[in-house]
J.: 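Below you'll find the structure I mean.
Since we're looking at a predicted model, the values are computed, not measured. A note on names: the letters A, B, ... follow the listed sequences, proteins ahead of strands, and every chain is numbered from 1. All values below come from the heavy atoms of this structure, side chains included, with hydrogens, waters and symmetry mates left out.
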There are 2 protein chains.
Amino acid sequence: MPSSVPNKRIRKSPAARRAEIVAAASAVALSEGLECITLRRIAEELAVRPGLISHYFPAVEDLVAEAYGDAVGAELDALLPADRAGASPTRHLARFFARATGPAFDDISRLWLNARHLSRYRPALRERVAVQEAAWRDRLESLIRDGVEQGEFRTDDPMVAAIQILVVLDGLGMLVNSADTEDDPPAVRRLPITTAERELGLAEGALTAADTD
Amino acid sequence: MPSSVPNKRIRKSPAARRAEIVAAASAVALSEGLECITLRRIAEELAVRPGLISHYFPAVEDLVAEAYGDAVGAELDALLPADRAGASPTRHLARFFARATGPAFDDISRLWLNARHLSRYRPALRERVAVQEAAWRDRLESLIRDGVEQGEFRTDDPMVAAIQILVVLDGLGMLVNSADTEDDPPAVRRLPITTAERELGLAEGALTAADTD
DNA sequence: TTGCTTGTTGGTCGCACACTCAATAGCATC
DNA sequence: GATGCTATTGAGTGTGCGACCAACAAGCAA
């Protein structure tokens, strides 16, 4: 009785297997980084042989790009839902910052940093990064535009305002691997919110209201 | 007559050789990235054998950290000289932005991005990044402080102002591998300058004056 | 139950990497 | 010109990577 590694083959539909692989790679990307997505690593994760990963992704680079897109895309949906029901733009933006400035966002910051650097060498990843950058920008711009229409925000150029907010968010995200997110002055940690309140003509504290649920 | 690779050994003093190695690694870091600093690559660059690099840097990670520190430290000195003679703080800051927002700065942006990501896995590099972060911040803060004393700038907290400027600069630097630096709106490209003028109580355009020599 | 499609395996190849160490040869010193 | 120190070489070790492919077997269809 070969107790170790029964080696029972489990045969799945291509679609299911592929999704499973992307999900595993996405999890590895978030927790350990994109360079840890290797044939052997993902195969081990799913208890299959490395060759199987190669079968679905003949070039690993494509799996890396897919994993990145999956993780970052899911986060965007959680952060800024495509269809905003119920709450006001201000409420949505407050929720956005509540999540995007907390330590729970660190893994995402690391992933962005990771992808932006690695895309220097990986064309497939570079394209995905461009797509996600546009998606994040558009989603935020659209929220701002709604806020302006509803008279909650005031800005000349919603797109520039959106970019400005994201730039500050990215700038702080750059520090995620160096210092503890906790130990810089509050004025610095609140920089994205301050920026947003200023650029959108909001009162100070308008985006930190406690009722962000 | 062995025309190919005469293999003539050239014997140098340890200090000179070490400096030569760091310089070569620093150049590679700037042009190709920190992960291209390998024993073979640097050895080839200097026409020596890989073992020699190992002799001076038993752990490659230390060479990587050194190369990064060398490149980024030199840039800081060019950008914000330690002893500012002659020109006024405003003039110095204008010169700083003239250099730091142009495409000539792209290699430095890439290196910062590279180092900040890679420091996730390399403790020695992480420490160097922390040191350089502090150095850049301190140098800028000191310039701002002087400007305040001389009545040219106006800010409550020079340190927060300095950090804020660097965060915006970093945030834009994040984009260096995705899009052309040229094709985002001028309002975005001028973000660091706008931020500085706002935070330091300067008139719009005060930091873009043509006389930055 | 049989047959067949195809998802999956196991093994292998070549490459690039960091690191080690005894042997070699510049070169300063005498 | 001989000598000794030591900077430098050459050769080798082990690891992990992506990619490739013939052979195998799971599970659906007949």
J.: Answer yes if the side chains of A:E133 and B:S178 hold a donor-acceptor pair under 3.5 Å, and no otherwise.
T.: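 There is such a pair (donor and acceptor under 3.5 Å, judged by atom type) between the side chains of A:E133 and B:S178.
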J.: In whole angstrom, give the distance that lies between atom CG of B:L52 and atom C1' of C:dC21.
T.: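 In whole Å, C:dC21 C1' and B:L52 CG are 14 Å from each other.
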J.: State which of C:dC27, C:dT9, D:dG18 makes the closest approach to the side chain of B:I10.
T.: C:dC27
J.: Give the rounded distance in Å between these two atoms: CD1 of A:I42 and C1' of D:dA19.
T.: 17 Å
J.: Between A:Y56 and C:dT8, does any side-chain N or O lie under 4.0 Å from OP1 or OP2?
T.: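 Yes, because at least one side-chain N or O of A:Y56 sits under 4.0 Å from OP1 or OP2 of C:dT8.
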J.: Heavy atoms under 4.0 Å, any strand shown: does A:R40 hit a base, just sugar-phosphate, or nothing?
T.: base
J.: 5'-most contact on DNA chain C: B:S54 or A:P50, nearest heavy atom basis?
T.: A:P50
J.: Select one nucleotide: of C:dT8, C:dT6, D:dG18, the one nearest the side-chain heavy atoms of A:K12.
T.: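 From the listed options, C:dT8 comes nearest.
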J.: Could you tell me the separation between the CD1 atom of B:I21 and the C1' atom of C:dA18, rounded to a whole number of Å?
T.: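 Whole-Å distance recorded here is 15 Å.
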J.: B:H55 side chain: which of D:dT9, C:dA18, D:dT8 is closest?
T.: D:dT8
J.: Give a yes or no on whether a donor-acceptor pair under 3.5 Å exists between the nucleobase atoms of C:dT6, that is its base, and the side chain of A:R11.
T.: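 Check passes, donor-acceptor contact within cut-off.
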J.: Of all the nucleotides listed (C:dA18, C:dG7, D:dC17), which has the minimum atom distance to the side chain of B:T38?
T.: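 Nearest nucleotide to the side chain: C:dA18.
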J.: Indicate, with a heavy-atom threshold strictly under 4.0 Å, whether A:F57 touches base, sugar-phosphate, or nothing.
T.: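 The residue A:F57 makes no contact with any strand.
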J.: Tell me the interatomic distance from A:R18, atom CZ, to C:dT8, atom P, rounded to whole angstroms.
T.: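 About 13 Å, once rounded to whole Å.
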J.: Give the nucleotide from the list C:dT5, D:dT6, C:dC19 with an atom nearest to the side chain of B:A59.
T.: C:dC19
J.: Are B:N177 and A:R126 close enough that a side-chain donor and a side-chain acceptor fall under 3.5 Å?
T.: no
J.: Once you round it to whole Å, what is the distance between C1' of C:dT8 and CG of A:L46?
T.: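 Going from CG in A:L46 over to C1' in C:dT8 covers 13 Å.
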J.: If we check salt bridge (Lys or Arg N to Asp or Glu O under 4.0 Å) with A:D146, which of these qualifies: A:R139, A:R84, A:R91?
T.: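 Result: among A:R139, A:R84, A:R91, A:R84 is the only option passing the salt bridge (Lys or Arg N to Asp or Glu O under 4.0 Å) with A:D146.
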J.: Using whole Å, what does the distance between atom C1' of nucleotide D:dT15 and atom CZ of A:R41 come to?
T.: 17 Å
J.: Determine, for A:E141 against A:R145, whether the closest basic-nitrogen to carboxylate-oxygen distance falls under 4.0 angstrom.
T.: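 Yes, this pair counts.
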J.: Where is the tightest heavy-atom contact between B:R116 and B:D170, given as atom of each residue plus distance?
T.: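 For B:R116 and B:D170, the tightest heavy-atom pair comes out as NH1-OD2, 3.2 Å.
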J.: If you look at every strand shown and take non-hydrogen atoms under 4.0 Å, does B:P14 touch a base, only sugar-phosphate, or nothing?
T.: sugar-phosphate
J.: Rounded to whole Å, please give me the gap between CD in B:E35 and P in D:dC17.
T.: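 Interatomic distance, CD of B:E35 to P of D:dC17: 16 Å.
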J.: Without decimals, in angstroms, what is the distance between A:I37 CD1 and D:dA19 P?
T.: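 In whole Å, D:dA19 P and A:I37 CD1 are 14 Å from each other.
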J.: If you only use heavy atoms from C-beta on, which nucleotide in C:dT9, D:dA26, D:dT9 is closest to the side chain of B:R49?
T.: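 Per side-chain heavy atoms of B:R49, the pick is D:dT9.
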J.: Looking at C:dC19, D:dA26, C:dA25, which one has an atom nearest to any side-chain atom of B:R9?
T.: C:dA25
J.: On the 0 to 90° scale, with breaks at 30° and 60°, tag the A:W136-A:F105 ring pair as parallel, tilted or perpendicular.
T.: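 Plane angle between 30° and 60°, so tilted.
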J.: What's the closest nucleotide to the side chain of A:L39 if the choices are D:dT8, C:dC19, D:dG18?
T.: D:dG18
